[in-house]
Student: 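One structure, as structure tokens, below. Some questions next.
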Amino acid sequence: MDTNPLDNASPGHGPVVALFVTCLADLLRPSVAFNSIKLLEQTGCRVVVPLQQTCCGQPAYNSGDYESIIPLAKQLIAALEPADYVVIPSGSCAGMICHHYPQLLDGDWRDRALQVAAKTFEITSFLSDILPIKRGHRAAIKLPSVTYHDSCAGLRELGIKEQPRQLLQELCDTELSELPQTEVCCGFGGTFCAKMPEISAKMVHDKVHSAQTTGATILAGGDLGCLLNIAGRARREGVDLEVRHITELLCGDLDGPAIGEGE
Amino acid sequence: MEQHSDTFLENASKALGNKAQADIRDLLGLFTPLLRNAAVDNFEHFEALRHHVKRVRQHSLDNLDHYLATYEQQALKNGNRVHFANSGDDLNSIVLDICQQHNAQRIAKGKSMITEETGLNDFLQRANLDVMETDLGEYIIQQAGETPSHIVGPALHKSADEVRQLFLQKHDLGERELDNTEDIVGEARQILREHFLKAQVGIIGANALVAEDGYSMLVTNEGNGDLCANLPPVLIICTSVERILPRAEDATAMLRLLVRSATGQSQTCYTSFYSGPRREQDVDGPLETHIVLLDNRRTEILASDYREMLQCIRCGACLNHCPIYNSVGGHAYGSVYMGPMGSVLTPLLSSLEESNALPNACTSCGRCAEVCPAEIPLPDLLRDLRHQETVEKITAPRWRIGLKLHTWLARNPRLYHWLTGVGIHLLHLAGRKRGSFRKLPLAGGWTSQRDFPTPQGKTFMQQYRAQRKQS
Ligand code: SF4
């Protein structure tokens, strides 16, 4: 058990940031978490990864099983609350903690949920609005052209729109071309994509093809759910599209295969 | 109307396979939000008014008894007859009775979602009455034997050419081209005019009921509502109890939101307030007017956790902005109400068991709630319905139990990290070359339509724990 969260924090004097890795990054794309740590440390934060974390419970919650995720929510709140900030490389998981946990819990636990919610940020918003990351003397990271997919939860629950674009501008040297209908969902929707695969397929097909019309080489985004969906569909349709999480771009970590690509 | 929401997935699949219809939907999905957004952006008071109207709607619903009583009193004073219909069948019978009392054969109908909800047309036609829809969109789908695909634009799913073919086939008017929309509309107008003049009863809906003066408000773009209301000797207004608002100015405030949200106009072409039958000094108007107020489970909804749904002003913006509605179209929902508002209302008005797919037809993208002028938290209500499905064990067991298992595992971090560590490592080894899987056990829903990206390597937690041990 992590009793003292500072135990595994990186050294220094900055604020302690608990990274909630998210289950998708943990299982499918650890580089998102490693890059998040790197970025946070560049701003002088001391990063800790509480070991009592797994998943925020969205799959069950969105399917309507409120009761069984209450203990999971409490477990995660308890794991995250000792830190000064909580940072998450996903808009939907951040939205879950910021908006849905407080709605789900009562009494003392609601207060604790609200306190955690108040210091929880999606990573691009943390790196822009809370502790802005600056390029300083480092050279800008040269990237091929990029288009950015706004995840619905990030966009509408957390108001994340400009932040990832600003960060790309600050840290990277690239051309950003916007998706047509960028505010339209990619069809992921958690369990939706498995419950209603045909409808979801129409939506993600549209998204893959709007990405193609931008002419961009890379499609980046802040939510792995969307990115796995888009990359998986691009692979299925044989569309050449390099799909990556924004943290990979901001660290210039483009050596490994993109999402869904072979070694 | 007959409900087919139990076959939502099959309906949707069929709709997705129809390329021509899908193209129309794509176009509508692109343009209707643009129209709405332009209208809202040009109206600086939208947000403030939205908030205000929501509070007025909530206040009206909180005091529904009071305002309904006031409305009834005022409406009676104006010479109307007021009927309360508990169910759809009740409404249909009341309307038929009135028609029969007047030996009416011909009925001219304005657009009304309430009468769609109760299936009034079929009911009257079974009693051998000649009912003609006079809103162009409604007229088109009536001729085609279809149901509305949209609550505001019932025939939006039809192309001009389809309408042309339909008219050529249905109207016995000899040789003609009808090769432009003006001619098509002109022909409908000609036919409808004749019907208006001969109709003995007019039936319309209402966008709002004003308690303080007992008036009802109706907006249309074609003026057909006014012809239905003023030409036939008998007028029946069919609407539902939650349309009530305290004052006329509340109705006009609501109207400013409604038209911008619905069609992107700043004003509809016709806005009418109906007070009651013709008075002595009036030159025209109906001789007798009835108002039929439908409940059909609305008071139940009012007492439930879904009461916010009654704030709906039927603008259709949530449909226009819903990626699922735009993918499958309104008919797939198999109900009078479709899109996000329909997926909430249909289970509440019928049964959750039967329409259990509808609350799941949502990615929680939130676009509907963002534009809803009544500030209804549609995604939350849909999720609450899914919660009810879970509690009532309507959700398929493989989902219910599978997700419970996942949540249970997630509550045991050590076990979770160990088990996922083993599983993910194996997946990585199996799929690293190709980078993704075309098929994966237990992920059939996912892999039926898209590849499953291979995990990058060991899980983060495995790597992180190993790093910590070393240091
Ligand atoms: S739910 Fe809101 S957006 Fe949808 S029709 Fe009703 S008022 Fe309009």
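Computed from heavy atoms alone, side chains included, the values below leave out hydrogens, waters and symmetry copies. A, B, ... follow the sequence lines: proteins, then strands. Residue 1 opens every chain.
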Student: Heavy-atom distances under 4.5 Å only: say whether B:Leu30 touches chain A with side chain, backbone, both or neither.
Tutor: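 Answer is both: backbone and side chain atoms of B:Leu30 are under 4.5 Å from chain A.
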
Student: Would a 4.5 Å heavy-atom cut-off, applied to side chains only, mark B:Trp446 and A:Pro197 as touching?
Tutor: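 They are not in side-chain contact.
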
Student: Around B:Lys14, counting heavy atoms of other residues, nucleotides and ligands shown, do more than 12 lie under 6.0 Å from its NZ?
Tutor: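 No - once you tally the heavy atoms of other residues, nucleotides and ligands closer than 6.0 Å, there are 12 at most.
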
Student: So which residue, A:Val32, A:Asn229, A:Leu76, A:Ile259, ends up with the most heavy-atom pairs under 4.5 Å with chain B?
Tutor: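 Among A:Val32, A:Asn229, A:Leu76, A:Ile259, the one with the most close pairs to chain B is A:Asn229.
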
Student: So what's closer than 4.5 Å to chain B heavy atoms on A:Glu237: side chain, backbone, both or neither?
Tutor: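 Contact with chain B involves no heavy atom of A:Glu237 at all.
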
Student: Under a 4.5 Å heavy-atom cut-off, does chain A meet the side chain of B:Asp26, its backbone, both or neither?
Tutor: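 The side chain, not the backbone.
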
Student: Taking side chain as C-beta onward, heavy atoms only, is A:Pro30 less than 4.5 Å from B:Tyr464?
Tutor: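 A:Pro30 vs B:Tyr464: side chains apart.
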
Student: Would you name the heavy atoms of A:Arg236 and B:Phe437 that are closest together and state the gap between them?
Tutor: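 The answer is NH2-O, 4.4 Å.
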
Student: Might you point out which heavy atoms bring B:Pro413 and A:Gln52 nearest each other, and give the distance in Å?
Tutor: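 It is CG-O, 3.8 Å.
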
Student: Under a 4.5 Å cutoff for heavy-atom pairs, which residue among B:Thr454, B:Ile424, B:Asp380 has the most contacts with chain A?
Tutor: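 Maximum pair count with chain A is reached by B:Ile424.
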
Student: Can you say whether A:Ile37 sits under 4.5 Å from chain B via the side chain, the backbone, both, or neither, judging by heavy atoms?
Tutor: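 Interface part for A:Ile37: side chain.
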
Student: Could A:Glu263 and B:Lys433 be called an ion pair, given the rule that one side-chain N must be under 4.0 Å from one carboxylate O?
Tutor: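 Salt bridge absent between A:Glu263 and B:Lys433.
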
Student: Which region of A:Ser92, side chain (C-beta onward) or backbone (N, CA, C, O), has a non-hydrogen atom less than 4.5 Å from a non-hydrogen atom of chain B, or is it both or neither?
Tutor: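 For A:Ser92, neither part sits under 4.5 Å from chain B.
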
Student: Where does B:Ala443 contact chain A at under 4.5 Å (heavy atoms): side chain, backbone, both or neither?
Tutor: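 Interface part for B:Ala443: neither.
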
Student: For A:Asp240, look at atom CG and say whether over 12 heavy atoms of other residues, nucleotides or ligands are found less than 6.0 Å away.
Tutor: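 For A:Asp240, atom CG is not crowded (no more than 12 foreign heavy atoms under 6.0 Å).
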
Student: Between chain A and each of B:Ala410, B:Cys362, B:Gly402, count heavy-atom pairs under 4.5 Å; write down the option with the most.
Tutor: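 So the answer, after comparing B:Ala410, B:Cys362, B:Gly402, is B:Ala410.
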
Student: Between the main-chain N or O of B:Thr459 and the side-chain N or O of A:Asp26, is there a donor-acceptor pair closer than 3.5 Å?
Tutor: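 Not confirmed, A:Asp26 side chain does not pair with B:Thr459 backbone.
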
Student: Could you go through B:Ser327 and A:Met203, starting from their C-alpha distance and side-chain angles, then the distance that decides it, and tell me whether this counts as side chain to side chain contact (heavy atoms under 4.5 Å, CB included)?
Tutor: CA-CA 7 Å; B:Ser327 297; A:Met203 293 161 68; 3.6 Å; yes

Student: Mark yes when over 12 heavy atoms from residues, nucleotides or ligands other than B:Trp418 sit less than 6.0 Å from its CH2; otherwise mark no.
Tutor: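 Count not over threshold, so no.
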
Student: Compare every heavy atom of B:Asn360 with every heavy atom of A:Phe192, then report the nearest pair and how far apart it is.
Tutor: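 The pair with the smallest heavy-atom distance is CD1-O, 3.5 Å.
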
Student: Determine whether more than 12 heavy atoms belonging to other residues, nucleotides or ligands lie under 6.0 Å from atom CG of B:Asn412.
Tutor: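 Yes - once you tally the heavy atoms of other residues, nucleotides and ligands closer than 6.0 Å, there are more than 12.
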
Student: I would like to know whether B:Phe460 and A:Leu27 meet side chain to side chain contact (heavy atoms under 4.5 Å, CB included); could you show each step before the answer?
Tutor: CA-CA 7 Å; B:Phe460 173 81; A:Leu27 305 185; over 6 Å; no

Student: Give, as side chain, backbone, both or neither, the part of B:Ala15 having an atom under 4.5 angstrom from any heavy atom of chain A.
Tutor: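 Answer is neither: B:Ala15 stays 4.5 Å or more from chain A.
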
Student: When heavy-atom pairs shorter than 4.5 Å are enumerated against chain A, which of B:Ser448, B:Pro455, B:Gly431 gives the highest number?
Tutor: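 Among the listed options, the one with the most contacts to chain A is B:Pro455.
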
Student: Does atom CD (B:Glu353) have a neighbourhood of more than 12 heavy atoms from anything else shown, all under 6.0 Å?
Tutor: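 Open: at most 12 neighbouring heavy atoms sit under 6.0 Å from CD of B:Glu353.
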
Student: Who among A:Cys152, A:Cys23, A:Gly256, A:Cys186 has the most heavy-atom pairs with chain B under 4.5 Å?
Tutor: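 Between A:Cys152, A:Cys23, A:Gly256, A:Cys186, the count favours A:Cys152.
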
Student: Counting a contact as any heavy-atom pair under 4.5 Å apart, which residues of residues 53-72 of chain A contact chain B?
Tutor: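 Under the 4.5 Å heavy-atom cut-off, A:Gln53, A:Thr54, A:Cys55, A:Pro59, A:Ala60, A:Tyr61, A:Asn62, A:Ser63, A:Gly64, A:Asp65, A:Tyr66, A:Glu67, A:Ser68, A:Ile69, A:Pro71, A:Leu72 qualify.
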
Student: With a 4.5 Å limit on heavy-atom distance, are the side chains of B:Gln456 and A:Ser31 in contact?
Tutor: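 Yes, their side chains come closer than 4.5 Å.
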
Student: If you count heavy-atom pairs under 4.5 Å between each of B:His417, B:Glu389, B:Arg465 and chain A, which one has the most?
Tutor: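 The residue among B:His417, B:Glu389, B:Arg465 with the greatest pair count is B:His417.
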
Student: Count the heavy-atom pairs under 4.5 Å between each of B:Lys458, B:His428, B:Arg438 and chain A, then report the option with the highest count.
Tutor: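 Greatest number of close heavy-atom pairs with chain A: B:Arg438.
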
Student: Take B:Phe8 and A:Met196, measure what side chain to side chain contact (heavy atoms under 4.5 Å, CB included) needs, and give me the verdict at the end.
Tutor: CA-CA 10 Å; B:Phe8 173 75; A:Met196 303 201 167; 3.7 Å; yes

Student: Does any heavy atom of chain B fall under 4.5 Å from the side chain of A:Lys195, the backbone, both, or neither of them?
Tutor: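 For A:Lys195, backbone and side chain are both near chain B.
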
Student: Looking only at heavy atoms and a cut-off of under 4.5 Å, which of A:Gly232, A:Gly189, A:Gly187 has the most pairs with chain B?
Tutor: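 Top count of heavy-atom pairs under 4.5 Å with chain B: A:Gly232.
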
Student: Does one side chain, of B:Arg450 or A:Ser200, offer a donor that lies under 3.5 Å from an acceptor on the other?
Tutor: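 Present: a donor and an acceptor within the cut-off.
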
Student: So which part of B:Ala12 gets closer than 4.5 Å to some heavy atom of chain A, the side chain, the backbone, both or neither?
Tutor: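 Side chain only.
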
Student: Which region of B:Glu370, side chain (C-beta onward) or backbone (N, CA, C, O), has a non-hydrogen atom less than 4.5 Å from a non-hydrogen atom of chain A, or is it both or neither?
Tutor: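 Side chain of B:Glu370 only, per the 4.5 Å heavy-atom cut-off to chain A.
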
Student: Can you tell me how far apart OG (B:Ser13) and NZ (A:Lys202) are? Round to the nearest 0.5 Å.
Tutor: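 These two atoms lie 14.0 Å from each other.
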
Student: Against chain B, work out which of A:Ala25, A:Ala201, A:Ala231 has the most heavy-atom pairs shorter than 4.5 Å and name it.
Tutor: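 Among the listed options, the one with the most contacts to chain B is A:Ala201.
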
Student: Given a strict heavy-atom distance threshold of 4.5 Å, which part of A:Glu198 is in contact with chain B: side chain, backbone, both, or neither?
Tutor: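 Its backbone and side chain both get close to chain B.
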
Student: Heavy atoms only: give me the nearest A:Pro50-B:Met461 pair and the separation to one decimal.
Tutor: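 Answer, listing the atom of A:Pro50 first, then B:Met461: O-CE, 3.9 Å.
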
Student: May I have the step-by-step check of side chain to side chain contact (heavy atoms under 4.5 Å, CB included) for B:Trp399 and A:Thr191, ending in yes or no?
Tutor: CA-CA 9 Å; B:Trp399 282 110; A:Thr191 50; 3.7 Å; yes

Student: Side chain, backbone, both or neither: which part of A:His100 has an atom under 4.5 Å from a heavy atom of chain B?
Tutor: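 For A:His100, the side chain is the part near chain B, not the backbone.
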
Student: Taking A:Arg235 for its side chain and B:Pro453 for its backbone only, find out whether a donor-acceptor pair lies under 3.5 Å.
Tutor: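 Judged by distance alone, no pair lies under 3.5 Å.
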
